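Throughout, residue positions are numbered sequentially from 1 according to the sequence presented. Please read all numbers here as calculations on a predicted model, not as lab measurements.
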Amino acid sequence: MPSSAAPMVVAANARIARLVRAGNMDGARAAFEAMPLRTTASYNTLLAGYFRNRLPDAALGLFHRMPSRDLASYNALISGLSLCRQTLPDAAAALASIPFPPSVVSFTSLLHGYVRHGFLADAIRLFQQMPERNHISYTVLLGGLLDAGRINEARKLFDEMPDRDVVAWTAMLSGYCHADQIPEARALFDEMPKRNVVSWTAMISGYAQNGQVNLARKLFEVMPERNEVSWTAMLVGYIQAGHVEEAENLFNAMAEHPVAACNAMMVGFGQRGMVDGAKAVFEKMRERDDGTWSAMIKAYEQNEFLMEALSTFREMLWRGVRPNYPSVISILTVCAALAVLDYGREVHAAMLRCAFDMDVFSVSALITMYIKCGNLDKAKRVFHMFEPKDVVMWNSMITGYAQHGLGEEALGIFHDMRLAGMAPNGITYIGALTACSYTGKVKEGREIFNSMAMDSAIRPGAEHYSCMVDLLGRAGLVEEALDLIKNMPVEPDAVIWGALMGACRMHRNAEIAEVAAKKLLELEPGNAGPYVLLSHIYTSTGRWEDASKMRKFISSRNLNKSPGCSWIEYDKRVHLFTSGDVSAHPEHAIILKMLEKLDGLLMESGYSADGSFVLHDIDEEQKAHSLRYHSERQAVTYGLLKIPEGVPIRVMKNLRVCGDCHSAIKLIAKITAREIILRDANRFHHFKDGVCSCRDYW
């Protein structure tokens with residue numbers, strides 16, 4: 001190359017390198033092709049750029065077109081091929097094919113690839129074969145051993161290193177911290193001949209992550225210098241320890257608020273229920289990443305600001321922010337809680353665009369969402385398409401079938417799970433027992449319950465005994481259910497006594513209901529629910545005086561009865577209805593008109609209101625009027641007005657469906673020839689042609 005051309009070539013190579021670093025490979029290629037004279041260094045720069053920007057085919061094509069190659073060309077090839085797991089064998093072949101003596105860089109490039117992709121045995125073998133090693137080679141293998149949790153081997157290698165820089169010391173220190181060996185980490189920290197801000201931060205993080213936040217703070221206070229990572233590490237330590245007030249004070253003391261610190265503070269506020277605090281941090285941020293949006297959505301979700309979570313997720317997508325796994329799982333949980341199927345479908349589409357449909361946790365949440373939205377067919381399709389399935393996924397399907405009253409199918413999945421070699425856990429047994437309970441399979445339920453201690457290492461807990469009490473009670477074996485409670489090895493909780501109370505209501509057993517109600521008053525003194533049920537039982541068994549006394553007792557004690565509310569999704573909005581209050585809805589006029597029309601049709605079909613489901617002392621006509629305005633009846637009516645024919649009407653209720661409304665909705669489904677799916681606090685009811693999927697057994 002003429003000496004006069006050398007400066008031009010050097011300048012062109014530098015320009016190509018800048019374009020490569022900026023990720024502008026089209027510009028880099030154009031600059032390369034515009035060069036009147038190219039050197040091997042020019043080719044090497046573009047070659048490395050192709051690999052760095054994930055264009056391996058273009059890189060290989062360029063390598064094979066090179067008029068000449070030097071050792072740097074082969075090193076770039078080995079380093080690039082080591083980036084992908086699938087091309088590691090090609091990287092090893094490239095190392096073996098170098099026509100010059102390989103350098104330590106050549107070997108270290110392949111070593112890095114083996115470590116990056118978890119081929120630690122190959123990495124150790126290559127390291128031992130290397131004719132020459134430098135501190136980078138040692139540090140790469142050290143990192144691999146630490147990532148694999150092989151702490152003792154890592155320490156041995158660390159001690160053998162001829163030249164240990166601050167990076168190696170800090171890596172070993174962090175390894176001890178991740179292995180919860182804090183005394184060893186501190187001893188190493190004290191031995192370090194030189195520390196930098198990363199070393200100090202690693203030690204602080206180690207203390208904080210192991211719950212020793214006071215020691216972390218002491219070290220933080222004596223740091224010679226701090227950076228954003230140091231402040232954030234201390235902040236995260238406080239939040240992980242549940243010390244949100246200290247975290248907030250530290251956050252307010254920070255000169256700058258980097259994104260990571262803001263995200264951590266939002267998580268802390270969300271965990272403490274301080275949603276306004278999380279929102280204030282979110283709104284002040286000039287820069288946000290996917291973790292920011294995820295933290296805000298999680299704060300809304302875990303504190304039951306469900307509509308806000310939905311709107312925030314939609315805004316995130318509208319702004320072009322790619323969702324991450326936590327945000328997807330949070331929003332699927334929200335969709336499941338609200339049973340908003342249309343929103344859930346949007347999230348599913350976003351999952352497909354982001355390739356999250358192959359993540360077992362996301363897919364488990366997706367299956368649960370479809371189940372709780374009442375679309376069991378879609379849940380089944382997602383379940384059967386995914387492999388390998390984890391225990392959460394199996395549990396979701398077992399519980400889903402049970403909640404939809406499909407006991408045979410639930411037990412079939414339970415059997416398939418065991419055949420597949422997947423060990424059931426405690427939640428699995430709860431799902432299987434619930435399936436038996438909801439479908440009256442007493443024999444099968446007894447067998448499953450008894451098999452827990454015999455066939456698995458899982459001891460029945462309060463939840464499993466609650467399922468058995470529910471199973472026996474629903475089947476009319478109320479006395480046996482009470483005996484089980486008296487003899488169970490765990491202390492019966494409110495759920496267990498509540499299950500017995502529900503059985504007493506179903507089978508009108510006032511004597512045992514009084515026992516259960518007394519126990520529930522001890523456990524939940526402010527809850528009116530058991531006494532409302534007991535009043536219903538007195539009324540249904542003709543004990544009018546006792547019913548009246550119970551109503552007066554509820555009033556005198558100021559007991560709280562959860563207000564009934566139901567909701568339905570229409571036109572991407574959730575429409576909420578509360579019992580007795582139709583006028584709150586903006587379209588109350590047409591709803592009232594439709595309710596009156598349905599009343600007439602129900603009367604013509606032989607319906608008669610069951611006044612025992614009204615607590616107040618009012619006449620029968622007023623009771624019928626009160627039942628008409630129960631929240632589930634309003635929501636169904638709105639669905640009839642708005643949901644197109646041929647599409648199921650999906651309604652959710654926060655409490656157990658009223659028995660009178662259950663009878664009325666069966667007839668409404670028959671009269672209108674519509675399918676109505678109602679999810680109450682316990683299960684799903686599929687109403688069609690005058691029949692409910694629960695077979696009036698709920």
Side-chain angles (χ1 to χ4, degrees), residues 391-392 394-403 405 407 410-411 413-415 417-418 423-525 527 529-531 533-534 537 655-656 680-683 694 697-698:
V391 67
V392 176
W394 287 98
N395 290 348
S396 294
M397 286 308 301
I398 292 168
T399 304
Y401 278 124
Q403 290 175 338
L411 295 180
I413 293 287
F414 178 65
H415 179 67
M417 176 183 180
R418 291 190 289 187
N425 62 14
I427 296 172
T428 314
Y429 284 104
I430 291 171
L433 290 170
T434 301
C436 295
S437 179
Y438 285 175
T439 50
K441 296 182 179 294
V442 177
K443 177 175 175 290
E444 293 86 345
R446 290 187 203 272
E447 291 173 354
I448 290 170
F449 184 78
N450 293 332
S451 74
M452 286 183 66
M454 296 173 59
D455 301 339
S456 75
I458 301 167
R459 296 180 62 183
E463 300 92 341
H464 305 101
Y465 279 98
S466 175
C467 291
M468 282 304 296
V469 169
D470 193 56
L471 169 64
L472 295 171
R474 287 174 186 272
L477 304 171
V478 182
E479 289 80 6
E480 185 179 344
L482 180 59
D483 288 340
L484 180 65
I485 293 174
K486 289 178 178 178
N487 295 303
M488 60 193 282
V490 296
E491 190 69 23
D493 59 14
V495 177
I496 291 173
W497 288 111
L500 183 65
M501 192 81 190
C504 292
R505 162 68 188 276
M506 184 182 296
H507 299 288
R508 302 185 179 186
N509 191 319
E511 290 74 19
I512 293 179
E514 288 170 346
V515 174
K518 183 179 179 181
K519 291 291 185 181
L520 283 165
L521 181 61
E522 294 172 5
L523 293 166
E524 297 179 336
N527 183 11
Y531 293 95
L533 274 179
L534 188 55
I537 294 168
L655 305 175
R656 183 180 182 271
D680 70 9
N682 294 332
R683 63 175 297 161
C694 75
Y697 189 81
W698 93 102

Any chance you could measure [X], atom [atom1], to [Y], atom [atom2], to the nearest 0.5 Å?
X	Y	atom1	atom2	answer
H507	E479	NE2	CD	10.0 Å
E444	F414	CD	CZ	12.0 Å
E463	Y429	CD	OH	15.0 Å
M501	L520	CE	CG	7.0 Å
K443	R446	NZ	CZ	11.0 Å
R683	T399	CZ	OG1	13.0 Å

Checklist line | Sidechain N-carboxylate O distance under 4.0 Å for E514, K518 | finding: no
Return the minimal non-hydrogen interatomic distance between [X] and [Y], and the atom names on each side.
X	Y	value
G445	L433	O-CD2, 3.5 Å
A481	L500	CB-CD1, 3.9 Å
I413	M397	CG2-CB, 4.3 Å
D470	S437	OD2-OG, 2.5 Å
D680	R656	OD2-CA, 3.8 Å
A435	A410	CB-CB, 3.5 Å

Between the side chain of [X] and the main-chain N/O of [Y], is any donor-acceptor distance below 3.5 Å?
X	Y	answer
T434	I430	yes
S466	A462	no
S451	I448	yes

Could you list the donor-acceptor pairs under 3.5 angstrom formed between side-chain atoms of residues 482-496 and any protein atom two or more places apart in sequence or on another chain?
from: N487; atom 1: ND2; to: D483; atom 2: O; distance (Å): 2.9
from: D493; atom 1: OD1; to: V495; atom 2: N; distance (Å): 3.2
from: D493; atom 1: OD1; to: I496; atom 2: N; distance (Å): 3.0

Next item on the list: Taking atom CG of L477 as the centre, report whether more than 12 heavy atoms of other residues, nucleotides or ligands fall under 6.0 Å from it.
Entry: yes
Notebook entry, point to check: Is any side-chain heavy atom of L411 less than 4.5 Å from a side-chain heavy atom of Y401?
Noted result: no
Checklist line | 4.5 Å side-chain heavy-atom contact, R474 and V442 | finding: no
Margin query: By the ring-ring contact (aromatic ring centres under 6.0 Å, His included) test, which pairs, at least two apart or in different chains, include something from residues 461-490?
Written below: F449-Y465
